[in-house]
Amino acid sequence: MIKIGDILRGGYEGKEVSIRGWVYRCRSSGKITFTVVRDSSGIIQCISKEGEIPDDLYEQIKGLTIESSLELTGTVSKDTRGVTGYEIKVKGGKIYQRNESFPISRDKSEEFLLDIRHLWLRSREFTAVLKIRATAFNAFSEFFNREGFYNVQGPMMVSAQTEGGSTLFEVPFFDQKAYLTQSSQFYLEALIFSLEKVYTIAPSFRAEKSRTRRHLTEYWHAEGEVAWIGNEEMMQIEERMIEYIVSAVLRDNAEDLALIGRNVEPLKKVKAPFPRMKYRELIEKAQSWGLNMKYMDDLGADEERAITVHFDKPVFVTHYPQELKAFYHRPDPESPDEILCHDLLAPEGCGEIIGGGERIWELEILEERMRSMNIDPKAYSWYLDLRRYGSVPHSGFGLGLDRLIWWVCGLDSIRDAIPFPRTIRRITP
RNA sequence: GCCGCCGUAGCUCAGUGGUAGAGCACCCGGCUGUUAACCGGGCGGUCGUCGGUUCGAUCCCGACCAGCGGCGCCA
């Protein structure tokens, strides 16, 4: 039993092989039947001729429906008439299931494909995206393992929010209320005191009623936290990490990128270092680019899009005014109204994929910030403890992995970057 | 939370104030080189739900349900 992809790489001409898979296309002209078979590695056309195989098998093959599962044995030949340049002349085989009419045909709407996502995953396009996604997840872990980070896990059920706003999913927790986590950041911060450099890949949940093509209510959050480093060193790690992941995809998924029609030229330019721009400078630039922005405006979706077209690499935006960001970001000692944070905006109009920065590590400053933002310190008592016992400077980041896949694959919607998207209106399949 | 859009066959869509049609899928038949094959025939619908207007509503009006897009918020 071999993979179709192996046949397509050559070397099997004239040899007898067996493949297993699903019917991708089926055409018959009486005494000859063409069955295009799909497996996880590719598609190949198989030829069956009446009289050359047992009659009952020929009748079964002739009557197959799309997505029926089967096993075929036959001789490989190189033939330009086959869709992928090779063909198998069938000698024998076994049908596992001849299914009824497959619901997906050539016309399909966005909504329908979401309803039957569990079946649409079989499409060649989605298969390609899923392979790229696997590469990206692996490359992320690989990068941090090589950098001496420890892979850690925080809880998914928590008692307090990380970010501002009431965007938590509430879940019953015995006699109490618990929430699904928005971020593992606080737990990673606790873990640096033993491990110093940590990362995690975990889902995060946001009950935001977002209706956009770049939001999920459940998304895969890749986070890192590092003791003893500041905002700039954190960005240096991140830009190498992004370069590492993109290079891995370009190296391992060239065929998949081609299949989904992704232009790889912009991806080839993703090499560290990335440009950095302070929020203040960005506003000035934005005004010269004709964008209507003033200081203290947050970057909206339109602004992010308009900004990224002026760069051919991802760009870091740093030093936001403290009012625009969460309470834990450390003010710049040289300019206390600005904080030592960064967002990474992906090019080609994609926008924010990373948020990170240096954390406040002095207890008094953190308490002062919480007071000024009307946050109850009691809810964060254990988090404040981290600043009571051997506190150290540290920085961290959170990367939206689904957004990364969305950008790298050049997809219309983030929903097509994850197999089973959870959005405000969709909990099945 | 705000704004906009959609709902007719399994799918993609036409259409009409007098209870519906095409293409694809599927089934049957034909065809020994097809490439989303082709040719002939067939099956297939409470026209999203409820209410209103009307002699009569899939069509007009209202509410609801479901979904999609944009903003804000974020990753």
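We name chains A, B, ... by the order of the sequence lines, and we start the count at 1 in each one.
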- Message: Can you tell me if A:Y219 is stacked onto the base of B:rA75, using a 5.5 Å centroid cut-off and an angle below 30°?
- Response: yes
Using a strict threshold of under 4.0 Å (side-chain N to carboxylate O), is an ion pair present between [Y] and [X]?
| X | Y | result |
| --- | --- | --- |
| A:E255 | A:K131 | no |
| A:D343 | A:K325 | yes |
| A:K197 | A:E147 | no |

Looking for any heavy atom pair under 4.0 Å, which part of the strands does [X] touch: base, sugar-phosphate only, or nothing?
| X | result |
| --- | --- |
| A:G351 | nothing |
| A:I353 | sugar-phosphate |
| A:E208 | base |
| A:R27 | base |
| A:Q45 | base |
| A:L401 | nothing |
| A:L404 | nothing |
| A:S28 | base |
| A:R305 | sugar-phosphate |

- Any side-chain heavy-atom pair from A:E338 and A:Y279 closer than 4.5 angstrom?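 SC-SC contact between A:E338 and A:Y279 ruled out.
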- Task: State, with a plain yes or no, whether a side-chain heavy atom of A:R276 is found less than 4.5 Å away from one of A:E239.
- Result: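 A side-chain contact exists here, since the closest heavy-atom pair is under 4.5 Å.
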Would you indicate which nucleotide in [options] comes nearest to any side-chain atom of [X]?
| X | options | value |
| --- | --- | --- |
| A:R214 | B:rC26, B:rG33, B:rC73 | B:rC73 |
| A:S210 | B:rC74, B:rC73, B:rG10 | B:rC73 |
| A:E303 | B:rG72, B:rA25, B:rC68 | B:rG72 |
| A:E352 | B:rA75, B:rC31, B:rG72 | B:rA75 |
| A:D79 | B:rC68, B:rG33, B:rA75 | B:rG33 |
| A:K209 | B:rG69, B:rC71, B:rG1 | B:rG1 |
| A:E87 | B:rA75, B:rC71, B:rU34 | B:rU34 |
| A:F112 | B:rG70, B:rC11, B:rC26 | B:rC11 |

- Message: What I want to check is whether an N or O donor and acceptor connect the side chain of A:R426 with the base of B:rC68 at under 3.5 Å.
- Response: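 Looking at the base of B:rC68, it does not pair with any donor or acceptor on the side chain of A:R426 (distance under 3.5 Å).
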- Item | Distance-only donor-acceptor test, A:R211 side-chain atoms vs B:rG69 base atoms, 3.5 Å |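 Such a pair exists between side chain and base.
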- Please confirm whether A:K15 makes a cation-pi placement over A:Y12, using NZ or CZ under 6.0 Å from the six-membered ring centre and within 45° of the ring normal.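 Yes, a cation-pi geometry holds between A:K15 and A:Y12.
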- Message: Only pairs with both distances under 3.5 Å count, Watson-Crick or wobble alike; so what is the partner of B:rG48 in this structure?
- Response: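 Checking every strand shown, B:rG48 finds its partner in B:rC64, with both distances under 3.5 Å.
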